[in-house]
Amino acid sequence: MQPEPAERIWQVMAMIPKGRVASYGQIAALAGMPRHARLVGRTLRELPRGSRLPWHRVVNASLKISQRPGSGGHLEQRRRLIAEGVEFVGERIPKAYRWDAGA
DNA sequence: GATTTGACCGGAG
DNA sequence: CCTCCGGCCAAAT
């Protein structure tokens, strides 16, 4: 039987290299469900706090953190990314940090 | 069961 | 930078 969609999402997410970021749509596409970016977002929202998955490496297509600015999650994600060497220009992450699957 | 909402996307204007 | 739109899908109202 086919792996559950959420499971494939977790799998793809787990392969994002440290110090790089990927978009929701990108994850969805790599998980074999193009245009299902929203499902990815929902899946991340439901992740337990102690997950070992690099959820912080997932940002929106504009290369900005998608969580509500000012929220704990937003600050947490930003902190973790910076800790990995990812830079921020204002709210935006330079395109150079975008993960190229298969590069 | 219809409507709204949400850690979304891409195109158009 | 902004809004509006159509697509997608699950959970909450």
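We name chains A, B, ... by the order of the sequence lines, and we start the count at 1 in each one.
- At a threshold of 4.5 Å between non-hydrogen side-chain atoms, the residues A:Met33 and A:Val40 do not count as touching.
- Distance CG (A:Leu44) to P (C:dA10): 16 Å, rounded to an integer number of Å.
- Look at the C1' atom in both B:dG1 and C:dA11: the space between them is 14 Å, to the nearest Å.
- Non-hydrogen atoms lying under 4.0 Å from DNA chain C are contributed by A:Arg35, A:His36, all within residues 21-36 of chain A.
- For the pair A:Ala37 and A:Glu46, both in contact range of DNA chain C, the more 5′-proximal nearest nucleotide belongs to A:Ala37.
- Comparing the C1' positions of C:dC8 and B:dT4 gives a spacing of 15 Å, expressed to the nearest Å.
- Neither OP1 nor OP2 of B:dA7 sits under 4.0 Å from any side-chain N or O of A:Arg68.
- When distances are taken from the side chain of A:Leu39 to each of C:dC1, B:dA7, C:dA10, the shortest belongs to C:dA10.
- Enclosure of atom CH2 in A:Trp99 by more than 12 non-hydrogen atoms of other residues, nucleotides or ligands within 6.0 angstrom is indicated.
- Atom C1' of B:dA7 sits at a distance of 22 Å from the matching atom of C:dC4, rounded to the whole Å.
- Between A:Tyr24 and the options A:Thr43, A:Leu44, A:Ile9, a side-chain contact (heavy atoms from CB on, under 4.5 Å) holds for only A:Leu44.
- We find that CD1 of A:Ile9 is positioned 11 Å from C1' of C:dC9, with the value rounded to whole Å.
- In this structure, the CZ atom of A:Arg49 is 16 Å from the P atom of B:dA7, given to the nearest Å.
- Checked for salt-bridge contact, A:Glu76 and A:Arg80 meet the test: a charged N lies under 4.0 Å from a carboxylate O.
- In this structure, A:Arg57 and A:Pro17 have side chains that are not in contact, with every pair of non-hydrogen atoms separated by 4.5 Å or more.
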Checklist entry - Would A:His74 and A:Glu91 satisfy side-chain contact (heavy atoms from CB on, under 4.5 Å), going step by step from the backbone distance to the final call? => result CA-CA 11 Å; A:His74 180 104; A:Glu91 286 297 300; 3.4 Å; yes
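- Residues A:Trp10 and A:Leu47 have side chains in contact (heavy-atom distance under 4.5 Å, counting atoms from C-beta outward).
- Atom CZ in A:Arg42 sits roughly 10 Å away from atom C1' in B:dG6 (whole-Å rounding).
- You'll find that the side chain of A:Arg92 is closest to C:dC1, out of C:dC1, C:dA10, B:dC9.
- Counting to the nearest Å, the P atom of B:dG6 and the CG atom of A:Asn60 are 15 Å from each other.
- The interatomic distance linking A:Arg38 (CZ) with C:dA10 (P) rounds to 12 Å, in whole Å.
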